[in-house]
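Keep in mind the model is a prediction, meaning the values are calculated, not measured. Counting starts at 1 for both ligands and their atoms, following the listed order.
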Amino acid sequence: MNTNVTANKYVNEWIAEMVELVKPSDIVLIDGTEAQAEALRKEACSTGEMIKLNETELPNCYLHRTAINDVARVENRTFICTSKKEDAGNINNWMDPKECYAKLSKLYDGSYKGKTMYVIPYSMSVVGSDFAKYGIELTDSIYVVLNMLIMTRVGLNVLEALGDSADFIKGLHARADIDEENRYICHFPEDNTIWSVNSGYGGNVLLGKKCFALRIASYLGRKEGWMAEHMLILGIESPDGEVKYISAAFPSACGKTNLAMLIPPEIYKSKGYKTWCVGDDIAWLRVGKDGRLWAVNPENGFFGVAPGTNVNSNPNALATAMRDTIFTNVCHNLDNNTVWWEGLDKNPPKNALNWKGEVWDYTKYDKADKVNTSGAHPNSRFTAMAANCPCLSDKFNDPAGVPISAIVFGGRRAKTAPLVYQSFNWQHGTFVGSIMASETTAAAAGAVGVVRRDPMAMRPFVGYDMGDYWAHWLKMGKVAANAPKIFHVNWFRTDDEGNFIWPGFGDNMRVLMWILARCEDKVGATETAIGYVPNPDDIDITGLDISRDTLVELLSVDKALWLEDCAGIEDFYKQVGDRVPAELYDELAALKDRLSK
Ligand code: OXD
Ligand code: MN
């Protein structure tokens with residue numbers, strides 16, 4: 001078999017080695033052309049791997065179902081394989097690289113027999129830009145090829161840009177037996193390598209996304225002096241045409257895509273404000289010559305959660321997903337060959353197959369057992385092209401990226417965190433990011449206050465020790481002379497009955513406007529123990545069903561609750577281990593001190 005499929009000897013040598021391991025019957029180089037993509041779509045439809053949907057209602061859209069045991073990222077089977085365990089840190093799973101290569105080689109051995117190896121050359125960020133990093137993914141799945149064509153920039157121009165360099169990320173994916181007992185998502189940051197086996201689910205197999213653009217990239221960012229973060233990027237344009245950019249980190253499934261594509265409420269729209277989406281999940285940030293942080297979204301599409309997406313919650317995402325989209329694990333409406341998911345509308349299809357491909361009876365839906373009774377899997381997805389997004393920023397393809405005015409962290413806290421607060425400075429802001437957390441509510445689980453610490457929303461995505469990651473944040477604040485201001489928001493504060501108080505969605509812009517006003521020193525604030533909190537009259541609640549008293553409540557800081565939280569923070573820092581920077585312990589001590597006064 002001819003393994004010289006590119007002009008780059010390092011790429012060819014690596015492919016040859018992998019071919020010897022997985023033993024495909026054929027090799028196909030993905031060239032990024034529409035003709036090749038169309039031929040692959042046809043092939044996937046002929047084997048049942050994908051289903052072509054109604055061309056009139058959903059042009060160029062397809063449905064795919066993963067195996068029932070393979071519907072989400074698997075954090076417990078995700079490993080960072082550094083030669084020293086301590087470099088992966090206590091929060092990551094670690095395996096010795098040699099042991100891991102040996103163990104996984106057995107699983108890969110012959111796994112492509114009778115199958116084609118697809119070679120996908122892809123770029124994260126605009127090809128040829130200062131931000132760009134290149135990868136090659138080898139896969140046995142057409143579904144992966146077609147998703148990568150949407151999510152990343154794929155094509156022969158990537159190989160041209162790579163030239164004869166060995167600087168590319170080597171990704172090997174094999175579906176193998178989709179055996180969950182032998183599923184591994186392994187990262188070898190010292191070797192620029194990712195190995196993924198026994199899965200066909202997006203987050204585990206679209207290796208450009210979490211594996212490369214977060215885990216490997218965060219490792220490279222520390223080495224090279226930049227940052228890879230789990231952040232959306234949003235532009236807010238004022239009536240005079242000036243656009244300011246915010247990047248925001250929220251844990252998975254906490255509304256990043258909704259915020260990234262928000263539609264301004266009438267009070268701002270009528271004045272001429274507009275919003276622009278640069279990214280919904282990942283930001284790469286570099287210090288510009290002006291000392292500001294400049295950000296790009298390294299991806300080229302959206303891998304969004306379908307359930308809950310509708311004309312009210314996120315009309316832009318819905319419009320984006322109405323063409324050229326691959327739907328995964330949603331409900332199939334057989335009457336008109338379209339798709340449906342919980343929360344799309346109030347008309348579940350009567351003649352439909354659920355996400356498992358079984359005949360679905362919508363009357364049996366039970367909120368307490370969504371996985372078994374819903375039409376769409378709760379983690380069902382749409383893979384949609386950024387270019388189809390109605391509010392896509394005209395800077396999306398700008399190789400320089402966009403300058404960030406504010407970084408916003410956000411968790412899901414029923415009581416502790418106020419609607420918004422501003423950190424005192426970069427070091428304190430890093431502390432605020434390090435203590436990010438989400439908790440279950442009484443309404444959801446019956447148990448209030450089960451807190452999962454998710455620093456910077458990066459707990460599952462930092463490719464090295466968490467303490468070192470925080471140290472890198474502190475260092476970046478010193479390098480960036482005009483670093484963004486850092487804020488924290490909480491859209492999820494609840495009343496005594498467990499109902500959300502703040503309306504959320506587009507109305508979150510009211511909070512973002514305060515944040516931008518703070519960045520420009522246009523508005524005051526009240527200094528509290530945890531940071532600067534808005535004066536209630538500075539958040540515009542015109543037209544909302546919220547009284548000033550409720551807003552005061554939303555902005556309140558309960559010192560007793562915060563003191564309790566400090567104990568949890570301390571426990572978490574101990575768990576992270578001895579690389580937690582002393583500056584963060586100083587911040588914790590200072591916080592306790594302020595709270596006790
Ligand atoms: C996630 C995602 O799991 O973006 O965070 O898919
Ligand atoms: Mn994400």
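- Relative to the six-membered ring of F250, K256 misses at least one condition, a distance below 6.0 Å or an angle of at most 45° to the axis.
- Checked against a 3.5 angstrom limit, the closest N/O atoms of D281 and ligand 1 fall inside it.
- The shortest separation from a heavy atom of K210 to ligand 1 is under 4.0 Å, placing the residue in contact.
- Using bins of under 30°, 30° to 60° and over 60° for the plane-to-plane angle, the ring pair F492/F500 lands in the perpendicular bin.
- Of the polar atoms of K209, none of the N or O atoms is found under 3.5 Å from an N or O of ligand 1, judged by distance alone.
- Take the Mn ion (ligand 2) as the corner point: the lines to OD1 of D281 and to NE2 of H230 open at 90°, to the nearest 10 degrees.
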Residue pair W426, W473: steps toward the ring-ring contact (aromatic ring centres under 6.0 Å, His included) verdict: CA-CA 9 Å; W426 183 274; W473 262 80; 5.4 Å; yes
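- Atoms of ligand 1 lying under 4.0 Å from at least one heavy atom of R73, given by number and element, are 1 (C), 3 (O), 5 (O).
- Within the 2.8 Å limit, G203 places no N, O or S atom next to the Mn ion (ligand 2).
- The aromatic rings of Y143 and H64 sit parallel, their planes meeting at an angle under 30°, below the 60° perpendicular limit.
- Salt bridge present: R579 and D87 bring a charged side-chain N and a carboxylate O closer than 4.0 Å.
- A cation-pi contact links R77 to Y184, judged by a cut-off of 6.0 Å to the six-membered ring centre and 45° from its axis.
- Here the shortest heavy-atom distance to atom 1 (C) of ligand 1, taken over P460, S252, G203, belongs to S252.
- With hydrogens left out, the protein atom closest to atom 6 (O) of ligand 1 is R381 NH1, 2.9 Å, a heavy atom.
- For H230, every heavy-atom contact with ligand 1 shorter than 4.0 Å involves the side chain, none the backbone.
- Between the side chain of S380 and the backbone N or O of V330 there is no donor-acceptor pair closer than 3.5 Å.
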